[in-house]
Amino acid sequence: MAVVKNNINDTVRVGRKVSVGEFTGFARYVGPIPGTEDIWVGVEWDDPNRGKHDGIHNGIRYFKTIHPNGASFVRLEKVIPNSISFITAFQSKYGQDFDNNVHQEIIALMKQSKMSSFELVGMQKIQKKQACFNKLTDVSLSHHGITDAGEPEEIQNCCPNINNLELCDNCFTDWETVSEITRQLKHLITLDLSFNTIDLPQELTPQFKECFKCLKKIILGKLNYSWHEIMSLCEAFPVLEVLEVPDNNIDRLEKPSVVIENLLYLNLENNNLSWNEINKLRFLPKLECLNVNRNGIKDIQIVPSSFPSLKFLMISDNNLLHFESLCELNKLPTLCSLRIQNNPLLKGMSVSNYTLQIIARIANLTMLNGTMITLKERQNNERDFLKDLDMIWHRQLKSAEERAEFLTKHPRYMELIAKYGSDYSEDLNTSNKIRTIKIRIVNFCKESSIEKDVIIKTLPITMTLNRLKDLGKRLFGLGNKQLEFSYLTKEKPDIEYTMDNLNQTLDYYSVEDGNTVLIKW
């Protein structure tokens, strides 16, 4: 955020309320403009009719205003930064009726009066409005250009029962200002200070810590704090349970200290962390939910006894390349929910196919990408996964070394054998073998004539269409849809052969290796 001293020894910064003569607005840009020697302030006026443009000058966009002609550029020396208190911003959003001086007069009159209640002309509406302010528990004052806490105790007198407070993108410069606000909010539980430029406190005094003694959740997005600085600051939050620090360009972590041992939820989204760094947090004893979306993570290696309480992991929009990383996640003893969209290892796979691959690899998963996993779905996916592994184990692996490598790559194989047993059988008399064929199975929507999903499967030629129907419903999530079957051959891909008797087998209809079976609905 640009910050420049002006001629009255104060600062003009982006987002701050400013005055130019009798006109007011918000500073949206502070800096040079090519072709000039001055420092300019791009002002978005409160009166949109005063401006000349929307933030573009000579074809260069410096900022964007709501109104097409709501902005002007003004030389820095003509701009006076305004101070906006918490209560000023509060009144602009929630109402204008609160007046701290009048409030104090009411209190004095109440103390002086011997009556249990009294009426004062003009006061009833103010008291009614103030009663509404007293009931406010969730307050958002983001983008209001707040610079200070205002007069002593005026926040406490106006809206003392705030539990959740959002103060994103304001003009705070130091934590002392923030602490003066929170000191007056005895019931504050959640605080969001994202998109501010706040210098870290020089010292965490007992008085400073007292201002945050009830805070359970803090959001510090895009403050450009390092992890070490965040950990130092967290010493002021003794009962913290939720810590969100997205968009801070964090690339290094350190072993957590006792200050965050009660953490339940940690958001590290959109930083630059590898899993090796994330492993440094593995000793957090109570951490249940971890968000590491958008960190560029390429692989996962779980250290034994890691994250003993972790239930929910969000790892979408990373660079995971191999399914071995999913096998690693099976080492997390309490993991039951996973979000893993938009990773390279899933590219080109149908939803049903990658669902099978993930569920079969992580034993305790009950929710994937926000969708519940039923017991029947798990059993079906694990059995299908086991059949594919069984085929490789018995037909492709010849040496002990190959099998050891296979078990390293597929650590659940023996567990699934113990759970379901092996259906694989191969009689030495080849005439008694059940022949299998590899075919393309296509999920085809008749109404749109579009192939929704395609899966390659190896199936016995003795499989009936009834069994294929059950398989198709599992693979493609077709529920109770009425299904029709046909197939295409490589030799004559333009001729579609209908299969209408569900009791007959693939072999009956002469389906062969490499053919395409259409499941239509």
Side-chain angles (χ1 to χ4, degrees), residues 275-276 279 297-307 313 315 319-335 338 340 343-350 352-365 368 373 375 377-441 455-463 467 471 474-475 513-514:
W275 194 265
N276 284 337
N279 265 334
I297 298 168
K298 295 181 179 179
D299 53 36
I300 298 172
Q301 308 91 26
I302 301 297
V303 177
S305 304
S306 292
F307 301 102
L313 177 63
I315 197 164
N319 294 322
L320 293 175
L321 298 171
H322 307 292
F323 276 101
E324 284 83 348
S325 291
L326 298 183
C327 295
E328 288 291 302
L329 294 180
N330 192 48
K331 297 176 182 178
L332 297 173
T334 58
L335 184 67
L338 178 68
I340 194 173
N343 276 279
L345 83 167
L346 306 179
K347 188 175 181 179
M349 298 179 68
S350 67
S352 56
N353 195 4
Y354 79 63
T355 297
L356 181 150
Q357 296 293 328
I358 295 170
I359 292 175
R361 283 176 164 87
I362 307 176
N364 295 324
L365 215 59
L368 177 61
I373 301 168
L375 177 60
E377 184 179 8
R378 168 164 291 284
Q379 291 172 341
N380 290 336
N381 280 294
E382 287 180 339
R383 283 194 172 103
D384 287 342
F385 186 66
L386 177 58
K387 288 177 183 177
D388 291 339
L389 296 187
D390 247 353
M391 200 75 68
I392 297 171
W393 178 267
H394 289 284
R395 294 192 175 186
Q396 298 181 19
L397 307 182
K398 305 302 181 183
S399 67
E401 290 78 10
E402 288 177 330
R403 292 192 170 187
E405 183 181 351
F406 177 86
L407 291 177
T408 300
K409 190 174 182 179
H410 301 287
R412 290 203 71 208
Y413 175 61
M414 287 303 177
E415 177 189 343
L416 294 175
I417 289 289
K419 185 175 182 179
Y420 299 109
S422 176
D423 290 335
Y424 184 85
S425 62
E426 186 170 1
D427 197 307
L428 292 177
N429 182 358
T430 56
S431 63
N432 292 329
K433 290 183 182 179
I434 298 176
R435 191 166 68 88
T436 60
I437 53 175
K438 181 179 285 189
I439 59 174
R440 295 174 72 248
I441 304 176
I455 291 179
I456 308 296
K457 293 290 288 185
T458 300
L459 302 175
I461 60 172
T462 56
M463 174 177 275
R467 288 186 61 197
L471 176 64
R474 291 202 310 269
L475 293 176
D513 205 60

Measuring from atom [atom1] of [X] to atom [atom2] of [Y], what distance do you get when rounded to the nearest 0.5 angstrom?
{"X": "R378", "Y": "T355", "atom1": "CZ", "atom2": "OG1", "result": "11.5 Å"}
{"X": "H410", "Y": "I392", "atom1": "NE2", "atom2": "CD1", "result": "5.5 Å"}
{"X": "L338", "Y": "N364", "atom1": "CG", "atom2": "CG", "result": "12.5 Å"}
{"X": "N381", "Y": "L356", "atom1": "CG", "atom2": "CG", "result": "4.0 Å"}
{"X": "L320", "Y": "L326", "atom1": "CG", "atom2": "CG", "result": "7.0 Å"}
{"X": "L375", "Y": "I373", "atom1": "CG", "atom2": "CD1", "result": "11.0 Å"}

Worksheet item: Quick check: are there more than 12 heavy atoms from other residues, nucleotides or ligands sitting under 6.0 Å from CD of E405?
Response: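 No, because the 6.0 Å sphere around CD of E405 holds 12 heavy atoms or fewer from other groups.
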
Discussion item. Taking atom CZ as the centre, does R467 end up with more than 12 heavy-atom neighbours from other residues, nucleotides or ligands that are less than 6.0 angstrom away?
Written reply: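 For R467, atom CZ is not crowded (no more than 12 foreign heavy atoms under 6.0 Å).
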
For [X] versus [Y], what's the shortest heavy-atom pair and its separation?
{"X": "R361", "Y": "R412", "answer": "O-CD, 3.4 Å"}
{"X": "D299", "Y": "W275", "answer": "O-CB, 3.4 Å"}
{"X": "L321", "Y": "P344", "answer": "CD2-CB, 3.8 Å"}
{"X": "K457", "Y": "D388", "answer": "NZ-OD2, 4.0 Å"}
{"X": "I300", "Y": "E328", "answer": "O-CG, 3.1 Å"}
{"X": "P333", "Y": "S306", "answer": "CD-O, 4.0 Å"}

Worksheet item: Passes side chain to side chain contact (heavy atoms under 4.5 Å, CB included), Q379 versus Y420? Steps please.
Response: CA-CA 9 Å; Q379 291 172 341; Y420 299 109; 3.7 Å; yes

With a 4.5 Å heavy-atom cut-off, do [X] and [Y] have their side chains touching?
{"X": "L471", "Y": "L459", "value": "yes"}
{"X": "R474", "Y": "E377", "value": "no"}
{"X": "F406", "Y": "L389", "value": "yes"}

Worksheet item: Judged by atom type as modelled, is there a donor-acceptor pair below 3.5 Å linking the side chain of D513 to the main-chain atoms of I437?
Response: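 Not a single qualifying donor-acceptor pair exists.
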
Worksheet item: Between N343 and I315, is there a donor-acceptor pair closer than 3.5 Å when you use the side chain of the first and the backbone of the second?
Response: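 Indeed, once roles are kept as given, a pair shorter than 3.5 Å links the two residues.
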
Fill in: Criterion side chain to side chain contact (heavy atoms under 4.5 Å, CB included) on L313 and I340, from CA distance to verdict
CA-CA 9 Å; L313 177 63; I340 194 173; over 6 Å; no

Item to complete: Can you label the angle between the Y413 ring and the W393 ring as parallel, tilted or perpendicular, going by 30° and 60°?
Response: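 Judged by the thresholds at 30° and 60°, the geometry between Y413 and W393 is tilted.
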
Worksheet item: Do K419 and E415 sit within salt-bridge range, that is, some charged N less than 4.0 Å from a carboxylate O?
Response: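 A salt bridge is absent here (no side-chain N lies under 4.0 Å from a carboxylate O).
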
